[in-house]
Amino acid sequence: MAVTILVVEDEPAIRSLIEVNLRRAGYAVALAADANEAQRIVNETLPALVLLDWMLPGISGIEYARRLRRDARTKTLPIIMLTAKSEERDKVDALEGGADDYVTKPFSARELMARIKALLRRNAPHTTDDLIKIGDLLLDPVSHRVSALDETVNLGPTEFRLLHFFMAHPERVHSRTQLLDRIWGDGVYVEERTVDVHIRRLRAALEPTKCDDMIQTVRGTGYRFSASGR
Ligand code: CA
C-alpha cells in the first residue's frame with residue numbers, strides 16, 4: 001500500500017515536477033494549489049507527509065504549518081517546507097513555525113526524495129515487541145498470539161492490530177478517525193463504518209473469553225479499551 005504525500009505548491013510546473021518524482025519513487029500523491037485545498041484533502045484522509053511551499057496565495061505556507069500544528073489530528077504530521085528563501089533567519093522561522101525540515105529552491109529531486117525518506121523513517125509509528133497483559137488478556141506482538149486464561153483467541157490481522165493498539169493505549173477514548181489513522185495507516189481511505197465492522201469482529205472473537213467487555217463504546221465519540229470492563 002503506497003503512502004500518500006501531499007504537495008501544496010501554487011506553481012504548476014514545480015508541482016508536476018515534484019509529482020513525477022514522487023510517483024517514480026513509489027509514493028501516492030495528492031496535489032493542492034493553496035492551503036484551503038490542502039485542508040480539504042487532509043480532512044478526508046491524513047497524508048503521511050506534507051511538502052509545503054512557503055509562498056502561497058492566501059494563507060502562507062508557514063501560517064498553514066502553524067494551523068496544522070495546532071490541530072490535535074495533524075499535530076505530528078511531518079512537514080517539509082519548500083522555499084526560495086535561503087537565509088538562516090528564514091530557516092529558523094520555518095522550523096519554529098512547525099516544519100520538520102526545510103528545502104531551498106531550486107532543489108535537486110534526489111535531495112528532496114532523500115529528505116522525505118529520512119523524515120518518514122523518523123516518524124514511523126512506534127511499535128514495541130513487548131508482551132502486553134491487561135486483566136486476563138495477553139498479547140504477544142512477536143508471535144501475533146492472543147490468549148486469555150490459556151485459551152487462544154483467533155484474530156484476523158486487522159483485529160490483531162486494533163487490539164494491539166487498544167492494549168498499548170488503554171483507558172483512553174479513541175475516535176473512529178484516530179483509529180483509522182493509526183490502524184489502517186496514513187493516506188489510506190477507509191470509511192468510518194469499517195471501524196465498527198472490525199470492532200464487532202474483535203468483540204465476537206473475545207466473547208468466549210469474556211474479555212469482549214473490555215472494548216467499550218463511548219457514545220458519540222468512539223471506543224475505549226478498559227481493564228475494568230463495562
Ligand atoms: Ca509558491
Side-chain angles (χ1 to χ4, degrees), residues 1-126 175 177-178 180-182 184-191:
M1 218 153 18
V3 294
T4 301
I5 312 283
L6 171 60
V7 181
V8 193
E9 164 67 76
D10 58 315
E11 285 159 72
I14 299 176
R15 202 168 56 222
S16 52
L17 178 73
I18 295 172
E19 183 190 9
V20 166
N21 280 285
L22 286 173
R23 290 198 191 280
R24 199 176 289 153
Y27 298 106
V29 184
L31 300 171
D34 59 43
N36 290 328
E37 221 179 305
Q39 190 56 44
R40 277 198 293 276
I41 292 169
V42 167
N43 288 344
E44 206 161 276
T45 174
L46 201 59
L49 182 146
V50 183
L51 285 180
L52 182 57
D53 187 29
W54 180 305
M55 302 296 276
L56 289 171
I59 300 158
S60 73
I62 197 150
E63 176 53 29
Y64 185 51
R66 286 198 189 100
R67 290 187 189 189
L68 288 170
R69 288 293 171 258
R70 279 198 297 265
D71 184 338
R73 185 163 173 251
T74 52
K75 204 160 60 191
T76 60
L77 184 59
I79 301 171
I80 296 179
M81 198 81 125
L82 302 175
T83 176
K85 303 182 176 201
S86 59
E87 290 169 31
E88 195 59 30
R89 190 173 51 80
D90 297 323
K91 181 177 176 178
V92 171
D93 281 352
L95 297 176
E96 283 183 349
D100 297 284
D101 201 357
Y102 172 98
V103 176
T104 307
K105 293 175 184 175
F107 47 81
S108 76
R110 187 193 284 183
E111 186 198 352
L112 183 60
M113 295 306 128
R115 297 284 192 94
I116 289 170
K117 214 170 152 185
L119 187 54
L120 285 175
R121 202 182 305 124
R122 222 158 72 204
N123 284 273
H126 182 72
S175 70
T177 307
Q178 283 168 341
L180 282 175
D181 289 343
R182 300 297 299 269
W184 278 261
D186 294 335
V188 179
Y189 185 73
V190 187
E191 286 182 54

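Note that the numbering runs from 1 along the sequence shown for the chain. Atoms within a ligand are numbered from 1 in the order they appear, just like the ligands themselves.
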Among K75, R115, R69, the one residue meeting salt bridge (Lys or Arg N to Asp or Glu O under 4.0 Å) with D100: R69
Flag, side chain of N21 to backbone of L17, donor-acceptor distance under 3.5 Å: yes
Salt bridge present between [X] and [Y] (N-O < 4.0 angstrom):
| X | Y | answer |
| --- | --- | --- |
| D10 | R15 | no |
| D34 | R40 | no |
| R24 | E19 | no |

Does CZ belonging to R70 count more than 12 external heavy atoms closer than 6.0 Å? yes
In the shown structure, where waters are left out, how many protein N, O or S atoms lie under 3.0 Å from the Ca ion (ligand 1)? 3
